[in-house]
Amino acid sequence: MSHQQDLVICRELGDRNGEGRALNNLGTALQQVRRFDEAIDAHQEDLALCREQIDHHGEGQALANLGTALQQVRRLDESIEAHRQAAALFADLDDRHREGQVLNNLGTALQEVRRFEEAIDAHRQAAALFADLDDYHREGQALNNLGIALQEVRRFPEAIDVHRQAAALFDELDDHHREGQALNNFGIALREMRRFPEAIEAHRQAAALFTELDDHHRQGQALDYLGSALHQVRRFEEAAAAHEQAATLFAKFGDLHREGQALNSLGAALQQVRRFDEAAEAHERAATLFGKLGDHDREDQARNNLGSARKQAGGDKERRPGLRQRLAARRRERRERPFDAVAALGPVLEPTQ
């Protein structure tokens, strides 16, 4: 690796500044190939050199890079402390761009340890800095991450507003990939506020963008979310079609967990339109997948739904009873209505990096 060669040469020459730069470059290269423990060692050596040389700017860079590497190996408390120190240094140096970048990374680390109010503050500061600097791309990233943190503390109206802003910025910048991510998160927040027609439109737009970009995994996520929103407004045939497409895409990518989730939701939609045999097949496939994954709670849920669909299928084939019997059957059916798997598992919000 050329960075290692540079490091050796700088050490032979006694070039301490050059040694620090080489260590920083080596650490970032090691992170790219996911050798995070070695990257941490390199960034820590760089940090010590920068402090020795009283190079505050280099110290801030070393701390920021150290924080990202620590985050990758789930040493989150150390990562948060490194990001905090880096942000303070860049603020003192009036390097507002790097301060914003570090604050955004600090916010994502805080979210991972569920310190959401602190994360909200970090992302909001980052977004404001990038807005002042006219860095609209990073402003959009910070806003999207802010929206995710706001959703975690159920501040959905604020989340809706910032996700809408993020999606609009990415649209203007022709970053349609991140636009799709922001639209999906926007749709999730809208669903929480029961604004289902708007959520349907957001997820539909996201699915269309990911289709054009050939990002079929995220297309599947958008379709699954779309199906859940359609289910809520009783558009069950459309919901079933969306969940079926999502399940097919997840199967293609070997994402068994999401495939099971989509199949269970597919079964729920099919039961609503009395396609009970198909519903039973979907629930059975979901149960099998969750069993393979060792997710026995969701396997049990899917098997309960399977039993409900089979019971309904058997009853549907019998001759229709009289009025009193039909009313009793409907009451039982309402009590046995299957759960919506997507709602039970919850959506996966996606930070933009």
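Residue numbers count from 1 along this sequence.
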Check your understanding: Do Gln44 and Leu66 touch side chain to side chain, with heavy atoms closer than 4.5 Å?
Key -> yes
Review point. Are the side chains of Asp135 and His97 in touch, meaning some heavy atoms are under 4.5 Å apart?
Key: yes
Check your understanding: Is there a donor-acceptor contact under 3.5 Å linking the side chains of Gln272 and His231?
Key -> no
Review point. Going by an N to O cut-off under 4.0 Å, is there a salt bridge joining Arg218 and Asp215?
Key: yes
Check your understanding: Do Phe210 and His177 make the cut of ring centroids closer than 6.0 angstrom?
Key -> yes
Study note, to complete from the structure: Closest non-hydrogen contact found for Ala142 with Asn104 is CA-OD1, 3.5 Å
Practice item. Dump the intermediate steps for side-chain contact (heavy atoms from CB on, under 4.5 Å) on Leu183 and Glu179, then the final yes or no. Key: CA-CA 6 Å; Leu183 282 168; Glu179 181 189 359; 4.0 Å; yes
Exercise for review: Show your working on side-chain contact (heavy atoms from CB on, under 4.5 Å) between Asp95 and Glu99 and close with a plain yes or no.
Suggested key: CA-CA 6 Å; Asp95 186 341; Glu99 181 189 359; 6.0 Å; no
Check your understanding: Are the charged groups of Glu284 and Arg310 less than 4.0 angstrom apart, N to O?
Key -> yes
**Study point:** Minimal non-hydrogen separation, Gly58 against Cys50, with atom names
**Key:** C-SG, 3.5 Å
**Study point:** Heavy-atom closest pair, residues Asp224 and Arg258
**Key:** OD2-O, 4.5 Å
**Study point:** Hydrophobic cluster membership, Leu169 vs Val162, 4.5 Å side-chain cutoff
**Key:** yes
Check your understanding: Got a salt bridge between Arg75 and Glu81, using NZ or NE/NH1/NH2 to carboxylate O under 4.0 Å?
Key -> no
Practice item. Could you grab the distance from atom CD1 of Ile200 to atom CG of Leu230, nearest 0.5 Å is fine? Key: 4.5 Å
Review point. Are any side-chain N or O atoms of Thr108 and backbone N or O atoms of Asn105, one a donor and one an acceptor, separated by less than 3.5 Å?
Key: yes
Practice item. Report yes if some heavy atom in the side chain of Asp171 is under 4.5 Å from a heavy atom in the side chain of His176; otherwise report no. Key: yes
Exercise for review: Find out if a path of hydrophobic residues (ILVMFWY) with successive side-chain heavy-atom gaps under 4.5 Å connects Leu226 to Leu249.
Suggested key: yes
**Study point:** Leu110 side, atom CG; Ile80 side, atom CD1 - distance, nearest 0.5 Å
**Key:** 4.5 Å
Exercise for review: Evaluate the side-chain proximity of Arg164 to Ile160: yes if any heavy-atom separation is below 4.5 Å, no if none is.
Suggested key: yes
Practice item. Work out which heavy atom in Phe36 is nearest to a heavy atom in Gln31; give both atom names and the distance. Key: CE2-O, 3.5 Å
Practice item. Please answer whether the main-chain N or O of Asn185 pairs with a side-chain N or O of Gln151 as donor and acceptor at a distance below 3.5 Å. Key: yes
Review point. Heavy atoms, side chains only, cut-off 4.5 Å: are Arg96 and Asp94 in contact?
Key: yes
Exercise for review: Look at the side chain of Glu59 and the backbone N and O of Asp46, then say whether any donor-acceptor pair between them is shorter than 3.5 Å.
Suggested key: no
Review point. Can a donor-acceptor pair be found between the side chains of Gln261 and His243 at a distance below 3.5 Å?
Key: no
Practice item. State the CG-CG distance between Leu263 and Leu256, to the nearest 0.5 angstrom. Key: 10.5 Å
Check your understanding: Stepwise, does the side-chain contact (heavy atoms from CB on, under 4.5 Å) test hold for Ile120 with Glu117?
Key -> CA-CA 5 Å; Ile120 288 166; Glu117 294 292 349; 4.0 Å; yes
Exercise for review: Would you check if Asp161 and Gln165 make a side-chain contact, meaning some heavy-atom pair closer than 4.5 Å?
Suggested key: yes
Point to revise | Between Glu152 and Gln111: side-chain donor-acceptor atoms closer than 3.5 Å | key: no
Review point. Just wondering, do Gln312 and Gln271 contact through their side chains at under 4.5 Å, heavy atoms?
Key: yes
Review point. According to a 4.5 Å side-chain heavy-atom criterion applied to Ile, Leu, Val, Met, Phe, Trp and Tyr, with indirect links allowed, do Leu306 and Leu289 form part of one hydrophobic cluster?
Key: no
Study note, to complete from the structure: On a heavy-atom basis, the closest approach of Gly187 and His203 is C-NE2, 3.4 Å
**Study point:** Check: Phe250 ring centroid to His217 ring centroid under 6.0 Å
**Key:** yes
Point to revise | Heavy-atom closest pair, residues Asn264 and Ala286 | key: N-CB, 3.9 Å
Practice item. Assert yes or no for the condition that the ring centre distance of His57 to Phe90 is strictly below 6.0 Å. Key: yes
Review point. Can you tell me how far the NE2 atom of His56 sits from the CG atom of Leu63, to the nearest 0.5 Å?
Key: 12.0 Å
**Study point:** Arg84 bridged to Glu118 by N-O distance under 4.0 Å
**Key:** yes
**Study point:** Side-chain donor-acceptor contact under 3.5 Å, Gln301 with Asn305
**Key:** no
Review point. Side-chain contact, heavy-atom cut-off 4.5 Å: Leu76 with Glu78?
Key: no
Point to revise | Salt-bridge criterion met for Arg275 and Glu278 (N-O under 4.0 Å) | key: yes
**Study point:** same_hphob_cluster(Ile148, Phe116) at 4.5 Å side-chain heavy-atom cutoff
**Key:** no
Check your understanding: What distance separates Leu270 CG from Leu266 CG, expressed to the nearest 0.5 Å?
Key -> 4.5 Å
Exercise for review: Let me see the working for Glu198 and Arg191 under salt bridge (charged side-chain N to carboxylate O under 4.0 Å, His left out), right down to the final yes or no.
Suggested key: CA-CA 8 Å; Glu198 294 167 87; Arg191 279 167 48 200; over 6 Å; no
Check your understanding: Hey, is the main chain of Asn304 close enough, under 3.5 Å, to the side chain of Ser308 for a donor-acceptor pair?
Key -> no
Exercise for review: Would you give the length of the straight line joining atom CG of Leu209 to atom CZ of Phe170, rounded to the nearest 0.5 angstrom?
Suggested key: 12.5 Å
Check your understanding: Hey, quick one: are Leu173 and Leu143 part of the same hydrophobic cluster, counting side-chain heavy atoms closer than 4.5 Å, chains of contacts allowed?
Key -> yes
